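Lettering of chains follows the sequences in order, A, B, ..., and the numbering in each one begins at 1. Just so it is clear, the model here is predicted, and its values are computed rather than measured.
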Amino acid sequence: MKNKLISKLYSTLYEEYGPQGWWPLSTIKTNNGYHPNNYKYPVTNQERFEICVGAILTQNTSWKNVEKAITNLKEINALCMLYFLDTLEVKIKKAIRPAGYFNQKYKKLVAFTKFFLSLKKRTPIREELLGIWGIGPETADSILLYAYNQPIFVVDAYTRKLLLKNKIIKEKEKVSYDYIQKIFMDNLKRDYKLYQEYYALIVVTGKVKNK
DNA sequence: AGCCAGGCTACCG
DNA sequence: CGGTAGCATGGC
């Protein structure tokens, strides 16, 4: 389905807020980890792993809380695919506690880390990610878009609100994740930089503007 | 003092 | 299939 509004909305948001430099990384000391206008990240497999961990920890959780958890993981040397599985369960859970749901998220991180190690640097496909316990569509797509620079659009609560507000979808009709994703991908160039920027802008505006 | 956050699973009808 | 309880913490 064609819809001119999709690319127009992007221009409007970009002009207002500028490049966002997602996904933030603890290895970048400036700008709180953000890297506007720099699309080379992740540089290392370690940074790639950190993005995936963040994507899981931020499920239904504010990024502020995730930052604490990531800092804690780093302090106990567990923010690393080679050491994570060797770290005591209680230590990990204590570290990720600020991100909430720590029992569930611990299980999710274990399942994901095993998978990540089995990849040996190969890029995963969406179905593989969705097959992992604890990885749903948004987390899978965040990982593909930001950890692997794949042009896959991420849909979340803010994305739906943006479409509702602009009357591209209606409140009543039940719109699936895949349907919304298709609206964006049908109307944008297949460009991971554009997708990374667009989704970041959606979240940023979603936060700023009331609800 | 509630309500909400960059969701997902399990289980129900 | 669609709908929803449960998961947990910190910020506002």
Look at the aromatic rings of A:Phe116 and A:Tyr148 and report parallel, tilted or perpendicular, splitting at 30° and 60°. tilted

Parallel, tilted or perpendicular: which describes the rings of A:Phe49 and A:Phe112, with under 30° parallel and over 60° perpendicular? parallel

Length of the line joining [X]:[atom1] and [N]:[atom2], which is rounded to integer Å:
{"X": "A:Asn60", "N": "B:dT9", "atom1": "CG", "atom2": "P", "result": "13 Å"}
{"X": "A:Lys93", "N": "C:dC7", "atom1": "NZ", "atom2": "C1'", "result": "12 Å"}
{"X": "A:Lys107", "N": "C:dG6", "atom1": "NZ", "atom2": "C1'", "result": "13 Å"}
{"X": "A:Gln59", "N": "C:dA8", "atom1": "CD", "atom2": "P", "result": "12 Å"}
{"X": "A:Lys105", "N": "C:dA8", "atom1": "NZ", "atom2": "P", "result": "9 Å"}
{"X": "A:Asn72", "N": "C:dT9", "atom1": "CG", "atom2": "P", "result": "14 Å"}
{"X": "A:Gln104", "N": "C:dA5", "atom1": "CD", "atom2": "C1'", "result": "12 Å"}
{"X": "A:Asn65", "N": "C:dA8", "atom1": "CG", "atom2": "C1'", "result": "10 Å"}

Result for ring pair (Phe, Tyr, Trp, His ring centres under 6.0 Å) between A:Tyr198 and one of A:Tyr192, A:Tyr17, A:Tyr14, A:Phe153 points to A:Phe153

Taking only the P atom of each, what is the distance from C:dA5 to B:dC4 in whole angstrom? 14 Å

If you measure from the P atom in C:dG10 to the same atom in B:dC8, how many Å do you get, rounded? 23 Å

B:dC11 pairs with which nucleotide, Watson-Crick or G-U wobble, both distances below 3.5 Å? C:dG3

Within the 4.0 Å heavy-atom criterion, would you say [X] contacts the bases, only the backbone, or no part of the nucleic acid?
{"X": "A:Phe102", "value": "sugar-phosphate"}
{"X": "A:Ile202", "value": "nothing"}
{"X": "A:Asp156", "value": "sugar-phosphate"}
{"X": "A:Glu138", "value": "sugar-phosphate"}

Selected nucleotide, minimal atom distance to [X] side chain, candidates [options]:
{"X": "A:Ser62", "options": "B:dA5, C:dG10, C:dG6", "answer": "B:dA5"}
{"X": "A:Ala157", "options": "B:dG7, B:dT9, B:dA5", "answer": "B:dG7"}
{"X": "A:Tyr101", "options": "C:dT9, C:dA8, B:dA10", "answer": "C:dA8"}
{"X": "A:Tyr158", "options": "C:dT9, B:dA5, B:dC8", "answer": "B:dA5"}

Check this one for me: any side-chain N or O of [X] less than 4.0 Å away from OP1 or OP2 of [N]?
{"X": "A:Thr58", "N": "B:dG7", "value": "no"}
{"X": "A:Lys161", "N": "B:dA5", "value": "yes"}
{"X": "A:Asn103", "N": "C:dA8", "value": "yes"}

Comparing A:Gly100 and A:Lys68 on DNA chain C - which has the more 5′ nearest nucleotide: A:Gly100

State whether the side chain of A:Gln104 and the backbone N or O of A:Tyr101 hold a donor-acceptor pair below 3.5 Å, judged by distance alone. no

Around atom NZ of A:Lys93, are there more than 12 heavy atoms from other residues, nucleotides or ligands closer than 6.0 Å? yes

Report yes if the side chains of A:Trp22 and A:His35 come closer than 4.5 Å at any heavy-atom pair, otherwise no. no

Relative to the 5' end of DNA chain B, which residue comes earlier, A:Ser142 or A:Leu130, by the nucleotide with the nearest heavy atom? A:Ser142

